[in-house]
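Convention: sequence-line order gives letters A, B, ...; per-chain numbering from 1.
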Amino acid sequence: MTILPVSRIHSASIDLLAIRDNAAVLVRRAGSRIVVADVRADAYGHGLTAVIGAAVDGGACAPDIDSAASLGPDAKFVSAGSALYGLLPDLELKPAMRVSALVVGTKTIDAGESVSYGYTWTAISRTNLALVGIGYADGLDRIASNRGSLRLRGALRRIVGRVAMNALVLDLGQDSALIGDEAVVFGDPSTGEPAVWDWASSLGRPSAEIVSVFGSHLPRVYR
Amino acid sequence: MNGPTATIDLSAYRRNLARLAERVAPAALMAVVKADAYGHGLLPVARAAVAAGVAWIGTLDIETGLELRENGIPRDVAVFTWLLGPNEDYGRAIEAELDFGVSTLSQLEAIARASVSGRARVHLKIDTGLHRNGASIEDWPGLVTRSLALSDRIELVGIWTHIAEASDGDDTVAIERFRSAIAVAERLGASVTVRHLAASAAAFGRADSRFDLVRIGAFSYGISPGGGVSPSSLRLEPVMTLTAPVIAKEEGLATLGIGYGDGIPSSAVGTVQVSIDGARFEVVSVQLDRLTVDTGDSPIQLGDTAVLFGSGTAAEPTLQEWADQLGTIGEEIVTRLSPRIRRRFLE
């Protein structure tokens with residue numbers, strides 16, 4: 001298993017037990033058919049080698065990489081992609097990827113003051129802001145500007161102003177945060193964290209795209 | 001069969017740098033190579049910048065700065081880092097002689113504590129309206145005073161800020177705030193030699209934004225700001241050409257071996273075109289590892305190479321076209337590309 005250097009500022013944390021357990025669920029549901037792990041695009045950004053290990057532990061088959069894409073709807077095989085990674089709202093499946101970043105700055109601004117490039121958002125009253133170290137170069141779509149939210153200190157906080165290449169700003173209103181607090185883009189919805197499919201649908205993108213892009217840019221940490 | 005490839009024209013990069021350096025002189029130019037050199041490939045780009053005589057490199061984070069030092073970027077080239085987390089290992093970074101863009105007292109104190117052999121090079125950041133990093137006007141005198149008091153461990157090299165580029169008027173306000181912060185620091189006894197505020201667009205357009213140093217990312221890669229401003233109108237050349245092979249062909253459709261798992265936005269469907277053999281085709285579907293274009297009756301062959309975007313000299317789409325049609329900026333498209341896409345470097 002390759003473990004990339006751990007960034008202290010942002011990461012994609014991958015729950016290999018979730019992948020193993022999801023594989024086991026899919027194997028059970030497949031009955032007599034063989035479940036083959038779909039590991040294209042570096043296992044949807046989750047990391048090829050680690051995912052194959054976990055999926056095989058759960059009873060799925062490791063694909064022949066060159067032919068996996070062409071398996072098709074063969075009666076004997078069933079390809080497991082989105083379900084394997086927990087990208088579907090299915091109570092038996094658990095999302096494997098969690099994307100989070102740390103607060104690297106805090107600030108209070110007055111009514112009338114604006115935030116980030118182009119000043120696309122202006123505070124209507126005095127408010128607290130948190131600067132979070134994740135941006136579009138990490139896979140957090142720029143279209144989330146003034147639209148998406150991250151969970152920080154127990155609540156969803158709206159992104160205000162434009163998402164920059166490596167940072168974004170959250171509006172905390174009268175709440176406050178500390179440098180080093182963790183803001184969650186998506187994770188395990190059973191613990192109250194945002195779900196990847198909610199993040200994806202708020203941006204009009206497939207969940208598979210969201211995890212593939214984050215996973216290929218963020219340092220991955222395996223649990 | 002070849003996979004998707006980003007071809008990086010380092011000679012175009014060097015020509016862009018030379019034109020920009022001439023434009024901003026006598027201010028110096030920092031080549032910004034954050035985000036894997038905007039997806040162009042960190043080390044070849046940084047080495048090209050140094051070979052072209054650039055004396056400042058901006059990496060964003062400490063880890064990337066250390067990687068440059070470990071790969072032979074010489075100590076006489078300043079390496080500027082400014083995304084500083086709460087738990088940085090400043091000791092190694094100071095040993096590697098990195099420069100730090102500091103916004104808070106706690107960052108300053110952490111750097112001073114780690115600075116046991118020699119002085120750490122610090123640039124203090126003032127917030128002039130962007131409201132991301134940078135000390136507020138209220139906190140500024142305290143930050144300056146403390147860095148001067150730590151002068152046995154801290155070398156106060158620079159004062160800097162980031163501006164919003166919302167409008168000329170807003171930028172003028174930010175430049176005035178920056179001048180005031182410099183004046184405050186000087187009254188407190190600071191004598192800084194490197195004042196920097198401008199990134200690509202301001203550095204290009206406004207002489208009064210340049211001060212001693214400008215930080216150039218986008219324009220060095222030939223990425224223009226959009227809104228009708230093309231690279232060629234700035235006398236800049238696009239550096240990256242993105243290609244992918246035709247891996248299947250049937251019934252008027254060609255499938256290319258590149259998809260959203262490689263960083264192509266799924267919103268490319270119905271919005272952007274690719275070029276094959278000089279002709280343009282609409283993208284009709286984007287999947288994980290492939291995308292499909294409508295080729296009609298064109299004689300496309302398996303194994304042909306499609307150009308997704310390039311310099312535009314062979315009538316292919318440009319990055320600027322993609323950005324305009326996707327409603328974003330070129331920077332997002334190139335930084336989003338997967339590191340697994342092969343980078344091929346032309347000297």
So, for [X] and [Y], which heavy atoms are closest and what is the spacing to 0.1 Å?
X	Y	result
B:Pro265	A:Arg205	CB-NH1, 3.9 Å
A:Ala164	B:Arg132	CB-NH1, 2.8 Å
B:Leu130	A:Tyr119	N-OH, 4.0 Å
A:Tyr44	B:Leu288	CE1-CD2, 3.5 Å
A:Ala41	B:Gly261	CB-CA, 3.9 Å

Backbone of [Y] reached by a side-chain donor or acceptor of [X] within 3.5 Å:
X	Y	answer
B:Glu332	A:Arg142	yes
B:Glu165	A:Tyr117	no
B:His162	A:Ser116	no

**Study point:** Portion of A:Val115 that has a non-hydrogen atom of chain B nearer than 4.5 angstrom
**Key:**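 Both parts, heavy atoms under 4.5 Å.
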Practice item. Heavy atoms only, distances under 4.5 angstrom: which of A:Asn166, A:Val169, A:Ile179, A:Asp138 has the most pairs with chain B? Name it, please. Key: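 With the most close heavy-atom pairs to chain B, the winner is A:Asn166.
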Exercise for review: Counting only heavy atoms closer than 4.5 Å, note whether B:Thr328 contacts chain A via side chain, backbone, both or neither.
Suggested key: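 When you check distances to chain A, atoms from both the backbone and side chain of B:Thr328 fall under 4.5 Å.
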Review point. Hey, what do you get for CG (B:Asp36) to NE2 (A:His217), rounding to the nearest 0.5 Å?
Key: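 B:Asp36 CG to A:His217 NE2: 8.0 Å, rounded to 0.5 Å.
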